[in-house]
Amino acid sequence: MPKATFLGHSCVTLTDGKYNLIIDPFLTGNPQATGKADDIKADFVLITHGHGDHVGDGIAIAKRNKATVIANFELANLCGAEGAEVHPMHIGGGHDFDFGRVKLTIAHHGGGYGPDASRYTGPPVGFLITLSGKTVYHPGDTGLFYDMKLIGEMNKIDLAFLPIGDNFTMDINDAVKAVEFLRPKRVVPFHFNTWPLIEASPEDFAAKVKGTKVVILKPGESVEF
Ligand code: NI
Ligand code: MN
């Protein structure tokens, strides 16, 4: 049974026991992070967009592990120029890797790397990741969008992560609507309480969701799916 571990903010690791994936590996400087970037073992590093709280330690982790960065074309090329192995993709495209399949979805948000977010990293994306026959949806940072209904219709999602922190992403009420659209088997709220600006109550979210199991993970906690 594959396992997902929440490392704080939007950072999630996935493993099937053989392959190790890390998504949005923001550990250094992340007040919620329980792990250190130097301790991460990864075969693949998936990055949703160019903002610092998502690229995080991704390039360093990829280089140290000789892992492959999976990201949109523009961000993958930036990581490649910084010395990482990369597999560029783009929205709507999927690819079968040794561990399973990754498909890129739209996300409504920004992109841009560096201290002033000025280096172009293309549009933000979400990931549909299939591992051991189970599908995980990591939307990155996004507002609510109606195409989540289509994503839910066309994919049997076993585990979805959704931002609830408001200000930069969906708030709780929009995330509840996203659950209605996506109809995942389980949902984990994330991208909240990292800083005062994105404070939110995962219990309030859980109380409002109907028909899907809400799993509240503290940084460092895991769920099998
Ligand atoms: Ni962002
Ligand atoms: Mn973010």
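Worth knowing before you read on, the calculation uses all heavy atoms, side chains too, and leaves out hydrogens, waters and symmetry mates. Counting convention: from 1, in listed order, for ligands and their atoms alike. Throughout, numbering of the chain's residues begins at 1 and tracks the sequence.
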Item to complete: Run the numbers on H87 and F97 for ring-ring contact (aromatic ring centres under 6.0 Å, His included), then give the verdict.
Response: CA-CA 10 Å; H87 182 105; F97 294 88; 4.7 Å; yes
Fill in: Test item: side-chain donor near acceptor, H51 and D141, under 3.5 Å
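There is no such pair between these side chains.
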Worksheet entry | Metal site the Mn ion (ligand 2): N/O/S of H49 inside 2.8 Å |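 So H49 does not bind the Mn ion (ligand 2) by this criterion.
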Worksheet item: Between the Mn ion (ligand 2) and H9, is there an N, O or S atom separated by less than 2.8 Å?
Response: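 No.
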Fill in: Residue D53 atom name (nearest to the Mn ion (ligand 2); N/O/S)
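Atom name of the closest N, O or S in D53: OD2.
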Worksheet item: Can you tell me the N, O or S atom of D141 that's nearest the Mn ion (ligand 2)?
Response: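 Sorting the N, O and S atoms of D141 by distance to the Mn ion (ligand 2) puts OD2 first.
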Worksheet item: Rounded to the nearest 0.5 Å, what separation is found between the CG atom of L75 and the CE atom of M89?
Response: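 One gets 13.5 Å once the value is rounded to the nearest 0.5 Å.
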Item to complete: Find the distance between CZ (R183) and NZ (K156) and round it off to the nearest 0.5 Å.
Response: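 So the CZ of R183 and the NZ of K156 are separated by 12.0 Å.
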Worksheet item: Where the Ni ion (ligand 1) is the centre, what is the ND1-to-NE2 angle for H51 and H109, rounded to 10°?
Response: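 Output for this angle: 90°, rounded to tens.
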Worksheet item: Angle class for the W195/F26 ring planes (parallel below 30°, perpendicular above 60°, tilted otherwise)?
Response: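 Correct class here is tilted.
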Discussion item. For a distance under 2.8 Å, tell me if H54 has an N/O/S atom near the Ni ion (ligand 1).
Written reply: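 For H54, the answer is no, given that no N, O or S atom comes within less than 2.8 Å of the Ni ion (ligand 1).
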Discussion item. Between D141 and the Ni ion (ligand 1), is there a contact where an N/O/S atom of the residue lies under 2.8 Å from the metal?
Written reply: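 Here the distance criterion (N, O or S atom, under 2.8 Å) is met by D141, so yes.
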Worksheet entry | Partner of L7 under side chain to side chain contact (heavy atoms under 4.5 Å, CB included), chosen from L217, T34, N30, I23 |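 So the option named by the test is T34.
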Worksheet item: At the Mn ion (ligand 2), what angle lies between atom NE2 of H54 and atom NE2 of H191, rounded to 10 degrees?
Response: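 Rounded to 10°, it measures 100°.
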